[in-house]
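Remarks on the structure that follows.
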There are 2 protein chains.
Amino acid sequence: MKLRDNHSGDASPTPDDHIHGRGLRMTDQRRAVYDALMGQRDHPTAVEVFMRVKTKMPNISLATVYNCLETLTDCGIIKAVNHDREPSRYCPNLAEHAHLFCQGCGSVMDIPLRSNRRPQDIWDLPEDVSVVQHEVSFRGLCPKCATADAADTPPDTQKAPRTRSK
Amino acid sequence: MKLRDNHSGDASPTPDDHIHGRGLRMTDQRRAVYDALMGQRDHPTAVEVFMRVKTKMPNISLATVYNCLETLTDCGIIKAVNHDREPSRYCPNLAEHAHLFCQGCGSVMDIPLRSNRRPQDIWDLPEDVSVVQHEVSFRGLCPKCATADAADTPPDTQKAPRTRSK
DNA sequence: AGTTTATTTAGAATAATTCTTGATAAGCTT
DNA sequence: AAGCTTATCAAGAATTATTCTAAATAAACT
């Protein structure tokens with residue numbers, strides 16, 4: 001199933017390379033967690049990852065899933081995505097992007113940065129600050145829910161939101 | 001101490017107006033919490049607000065501070081600011097702005113939106129989404145810490161960070 | 001004055017995450 | 001391959017920010 005083995009020093013670094021670069025190992029558990037994120041790229045929470053991995057690795061513990069997610073995040077292989085005080089979600093998309101949290105269906109979608117644009121194009125950052133991280137989230141309705149909403153769909157025919165609406 | 005009473009229907013809506021518009025009351029506790037935010041606009045956490053208000057209102061409870069912050073937020077009088085999994089911070093700046101979280105000194109500073117710019121200038125949002133909220137945070141070093149860092153200040157002469165650095 | 005409704009408070013409860021500890025496994029070294 | 005070191009895993013306890021519950025208080029309304 002491996003497409004790139006990197007036995008020789010070619011191509012761009014794989015997740016394994018990033019892990020090994022820190023003196024850590026790509027264990028079965030870490031790979032299973034990573035594969036779960038790559039297989040269904042819908043920004044699952046730790047518990048959702050746990051449930052998915054558990055089907056293939058029934059003895060894995062939730063603590064291990066948390067550990068793996070933290071390790072993968074620290075190694076820069078995946079990103080942790082936070083919005084308000086909701087549980088963290090995880091995302092294997094390493095390109096710079098924002099997230100749209102749909103309050104209709106609870107989905108989270110990636111919003112790419114327009115080409116040749118940078119955050120400082122719109123934000124008046126003082127010249128002498130140094131930025132190491134940039135997180136952007138939109139809350140609203142995804143295309144599907146926005147369209148349904150505009151069509152005046154009665155609310156109770158919509159899919160139940162995954163997040164509580166107060 | 002009140003500068004605008006709005007006894008007549010003049011001028012822009014005050015915090016009191018917003019609260020009353022919801023059938024709620026501007027109580028002493030809510031005003032004290034709001035004043036604490038306006039008096040020292042450094043994005044305190046709920047516990048920090050609690051400590052500040054407690055000096056003027058010794059019997060107030062932490063639960064009340066949480067309640068007041070939630071009410072003020074719901075009424076659109078203040079904004080809750082979240083970054084990673086850190087405790088929420090609160091901000092009375094209602095203009096659209098981002099936040100810079102300094103990992104050197106733990107401070108949070110407002111970053112204004114450049115005039116005539118909009119998030120969709122840089123983010124490739126699908127046309128048919130509807131956005132109701134937009135939160136942006138930068139992590140890095142504030143001007144002071146970035147300058148100190150560039151001058152190769154030994155780390156232990158710097159102010160201790162307010163956030164744990166792992 | 002009496003009734004309704006909002007608010008406050010203290011403490012219990014919740015939920016996501018982290019920590020602790022002992023067991024297991026992998027990688028080196030000889 | 002045996003022994004040593006270090007990384008990893010798992011189960012459950014602990015932590016922490018926040019929310020909930022229930023009773024007391026206070027304000028507004030009749």
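Since the model is a prediction, treat every value here as computed from it, not as a measurement. Every chain is numbered from 1 and lettered A, B, ... according to where its sequence line falls, protein lines coming before strand lines.
Using a 4.5 Å cut-off on side-chain heavy atoms (C-beta onward), A:R85 and B:N82 make contact. In this structure, B:L113 and A:I122 have side chains that are in contact, with non-hydrogen atoms separated by less than 4.5 Å. Under the 4.5 Å side-chain criterion, counting only non-hydrogen atoms from C-beta, A:R89 is in contact with A:T45.
Taking a 6.0 Å sphere around CZ of B:R118, one finds it holds 12 or fewer heavy atoms contributed by other residues, nucleotides or ligands.
Between the C1' atom of C:dT9 and the CG atom of B:D28 lies a distance of 15 Å, rounded to the nearest Å. One can place CG of B:D16 at 15 Å from C1' of D:dA27, the figure rounded to the nearest angstrom. Remark: P of D:dA24 and CG of B:N59 are 18 Å apart, rounded to the nearest angstrom. Regarding B:D74, its CG atom lies at a distance of 13 Å from the C1' atom of D:dT19, rounded to whole Å. Taking atom CD on B:E48 and atom C1' on D:dA17, their separation rounds to 13 Å, with Å as the unit. A:I60 places its CD1 atom 17 Å from the P atom of C:dT24, with the value rounded to the nearest Å. Per the geometry, CZ belonging to A:F50 stands 13 Å off C1' belonging to D:dG12, to the nearest Å. Rounded to whole Å, the distance from CG on B:D84 to C1' on D:dA17 is 15 Å.
There is a path of hydrophobic side-chain contacts, each under 4.5 Å, that joins B:V131 to B:W123.
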Just the atom pairs and distances: protein N or O near nucleotides 13-17 of chain C's N or O, under 3.5 Å.
unit_1, atom_1, unit_2, atom_2, d
C:dT17, OP1, A:S88, N, 2.9
C:dT17, OP1, A:S88, OG, 3.1
C:dT17, OP1, B:R85, NE, 3.3
C:dT17, OP2, A:Y66, OH, 2.6

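Defined by atom type and a distance below 3.5 Å, a donor-acceptor pair is present between the side-chain atoms of A:T14 and A:D17.
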>> Using a 4.0 Å heavy-atom cut-off to protein, can you give one letter per nucleotide of nucleotides 2-7 of chain C, 5' to 3': B if the base is in contact, S if only the sugar-phosphate is, - if neither?
In response: ---BSS
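Residue B:N67 is in base contact, counting any heavy-atom pair closer than 4.0 Å across all strands shown.
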N/O donor to acceptor pairs below 3.5 angstrom from side-chain atoms of residues 54-69 of chain A, sequence neighbours left out:
unit_1, atom_1, unit_2, atom_2, d
A:K54, NZ, A:P58, O, 2.7
A:T55, OG1, A:R52, O, 2.7
A:S61, OG, A:T64, N, 3.1
A:S61, OG, A:T64, OG1, 3.0
A:N67, ND2, A:A63, O, 3.4

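Note on ring orientation: taking the six-membered ring where Trp is involved, the planes of A:H43 and A:H99 are perpendicular (angle over 60°, cut-offs 30° and 60°).
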